[in-house]
> 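If you scroll down you'll find the structure; I have some questions about it.
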Number of protein chains: 2
Amino acid sequence: MASRAKLSVNPRAEESRSRILDSAEGLFAHRGFDSVTLRDIAAPLGLRHASLYYHFPAGKEELFAEVMERNIRRHGAGLAAAIEAGGTRLRGKLRGAAGWFLSQAPIDLIRMAESDLKALDPKAARKLMELVYELILGRLQRTIEDSRASGEVGPCDAGLLAGGILGMVESLHSVPVAIVGRERYAMGCELIDVILKGIDYEEDRDAGG
Amino acid sequence: MASRAKLSVNPRAEESRSRILDSAEGLFAHRGFDSVTLRDIAAPLGLRHASLYYHFPAGKEELFAEVMERNIRRHGAGLAAAIEAGGTRLRGKLRGAAGWFLSQAPIDLIRMAESDLKALDPKAARKLMELVYELILGRLQRTIEDSRASGEVGPCDAGLLAGGILGMVESLHSVPVAIVGRERYAMGCELIDVILKGIDYEEDRDAGG
DNA sequence: GTCTATATAAAGATAGAC
DNA sequence: GTCTATCTTTATATAGAC
């Protein structure tokens, strides 16, 4: 975020740049690097794809890397806020997290690891993965660890659970809500309740902190 | 599987066709429809991409649809065998399932739903999704329901849990084993144990059946 | 800043030789 | 059955006008 050399301080340029990132974020998040073309990104903005090169001279790869970093940071910030808003108990925090994840485009870590990141140079790919671990998985993990420290839950591998919960909740993105006839958030809460029971969560114990 | 009009009964053709499907299966499973080219599929077989059109006259889409169907059926069969081999208790069955999933290329349902299947005509896409539900998620669901019926676990939404377990276990494909220093299968077992405890699994109760 | 026009590369697909 | 050769389309990317 800090090391990028800005081409201009023109507010019009910055806004245009930001709108491009917004458009690209949704498309890349849903369909991945290879499935999205620069024309897909430019068209909804009324732009020609060539115009994107003014803002991202190095082309698609640079745009994608920047979009992904922004996406992960935004996800992390939203997650932190959702956990915070969930209250002092772990159940509320995890429900908040689930609500946040399900309100956003999926974070498909499998596709990221197996496909998207292989299109980037290894250094950029590594950076993005580290951001995911730091801002998303790490946040979830620390939330669980805090509850563990305060005795709200029993012994458990918080890092493993964080990944498991994320994978579990994100997988709800692919369920056809119209067919199963149930809201994703409600399903997320039920799954979280199973996990909580599985790690001896007790609502009545003091949450500390 | 039954309705395809075979171009030939020549055993050489059938074998070649089968080798193409094998090559394509691994590539498509890991990287998805758009990221794999016909040249990627043909090259490792010492073939030119044009030769694929002999076996799949309708081109990439036909090849992909057939590969995916085969992949799902193979996955379902392997899953059934792994569950069977897991013994009579739910814990063993689910561990068998986890071991199977982790021995195969990831099933990325998010990518399938959000990206891959959109490249197919809706009828073919629908068929593939139904196969996933019938042969993979359905199998897991029935396994849980059987244990529920025999009193091995408490009340639970088996369909929801099946999806949750699949998403949870598949997400292990993206963890960097070299960094966390733990086998994926061991992590899968630990997550399954949490789920089982969360649905009141009791090893000692009679599993019935 | 965005455009048009174009270069270049790579993709899916087809025709016809062998 | 697989090849070579080629067509067409669609990408990314660049150059230069406005």
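Owing to the predicted nature of the structure, the values given are computational and were not obtained by experimental measurement. Side chains included, hydrogens not; waters and symmetry mates left out as well; all remaining heavy atoms used. Below, chain A is the first sequence line, B the second, and so on; all start at residue 1.
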> Under the salt bridge (Lys or Arg N to Asp or Glu O under 4.0 Å) definition, can you give me all pairs with a residue in residues 160-169 of chain B, not counting sequence neighbours?
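The answer is none; no pair qualifies.
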> Please report, rounded to the nearest Å, how far the P atom of C/dG1 is from the CG atom of A/Leu45.
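For the pair A/Leu45 CG and C/dG1 P, the rounded distance is 16 Å.
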> Check the distance between C/dT4's P and A/Arg48's CZ and give it to me in whole angstrom.
4 Å
> Kindly state each residue pair satisfying salt bridge (Lys or Arg N to Asp or Glu O under 4.0 Å) with at least one member in residues 33-49 of chain A, sequence neighbours excluded.
A/Arg31-A/Asp40
> To the nearest 0.5 Å, how far apart are CG in A/Asp157 and CD in A/Glu145?
9.0 Å
> Please give, in whole Å, the distance from C/dA11 P to B/Leu63 CG?
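Value for this atom pair: 15 Å.
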> Measure from the side-chain heavy atoms of B/Arg12 and tell me the nearest of C/dT14, D/dT2, C/dT2.
D/dT2
> When the distance from CD1 of B/Ile41 to P of C/dA11 is rounded to whole Å, what number comes out?
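The distance from CD1 of B/Ile41 to P of C/dA11 comes to 11 Å, rounded to the nearest Å.
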> Please state whether the rings of B/Phe33 and B/Phe28 are parallel, tilted or perpendicular, taking 30° and 60° as the class boundaries.
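The arrangement is parallel - the two ring planes meet at less than 30°.
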> To the nearest Å, how far apart are A/Tyr53 OH and C/dC3 C1'?
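So the two atoms are 15 Å apart, to the nearest Å.
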> Has the side chain of A/His49 got a donor or acceptor atom sitting under 3.5 Å from an opposite partner on the base of D/dA13?
yes
> So, OP1 or OP2 of C/dG1: does either fall under 4.0 Å of a side-chain N or O from A/Tyr54?
yes
> Counting only heavy atoms not in A/Glu183 (residues, nucleotides, ligands), do more than 12 fall under 6.0 Å from its CD?
no
> Separation of A/Phe56 atom CZ from D/dT14 atom C1', in whole Å?
18 Å
> Scan residues 95-110 of chain A for pairs that pass salt bridge (Lys or Arg N to Asp or Glu O under 4.0 Å), counting only residues two or more places apart or in two chains.
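Applying salt bridge (Lys or Arg N to Asp or Glu O under 4.0 Å) to every pair that reaches into residues 95-110 of chain A, excluding sequence neighbours, yields A/Arg95-A/Asp193.
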> Measure the distance from CG on A/Asp40 to P on D/dA11 and round it to the nearest whole Å.
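Interatomic distance, CG of A/Asp40 to P of D/dA11: 7 Å.
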> I need the full list of ring pair (Phe, Tyr, Trp, His ring centres under 6.0 Å) pairs touching residues 69-98 of chain A, with sequence neighbours left out, sorted by first then second residue.
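Counting only pairs at least two positions apart or across chains, the ring pair (Phe, Tyr, Trp, His ring centres under 6.0 Å) contacts touching residues 69-98 of chain A are A/His75-A/Trp100.
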> Return the residues of residues 25-39 of chain B meeting this criterion: a heavy atom under 4.0 Å from some atom of DNA chain C. Order them by number, or give none.
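Residues of residues 25-39 of chain B under 4.0 Å from DNA chain C: B/Val36, B/Thr37, B/Leu38, B/Arg39.
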> Just so I know, are the side chains of A/Leu131 and A/Glu69 near enough to count as touching, which here means a heavy-atom distance under 4.5 Å?
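A/Leu131 vs A/Glu69: side chains touch.
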> What is the distance, rounded to the nearest whole Å, between atom CD of B/Glu62 and atom P of C/dA13?
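To the nearest whole Å, that distance equals 10 Å.
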> Report each atom pair, protein N/O against N/O of nucleotides 16-18 of chain C, whose distance is under 3.5 angstrom.
none

> When you measure from the side chain of A/Lys60, which nucleotide among C/dC3, C/dG12, D/dT12 comes out closest?
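For A/Lys60, the side-chain atoms sit closest to D/dT12.
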> Students often get this wrong, so: under 4.0 angstrom with heavy atoms, is B/Ser51 touching a base, only sugar-phosphate, or nothing?
base
> Step through the shown structure and confirm whether more than 12 heavy atoms of other residues, nucleotides or ligands are within 6.0 Å of CD on A/Glu130.
yes
> Nearest to the side chain of B/His55 - D/dG1, C/dT4, D/dT12?
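Nearest to the side chain of B/His55 among the choices is D/dG1.
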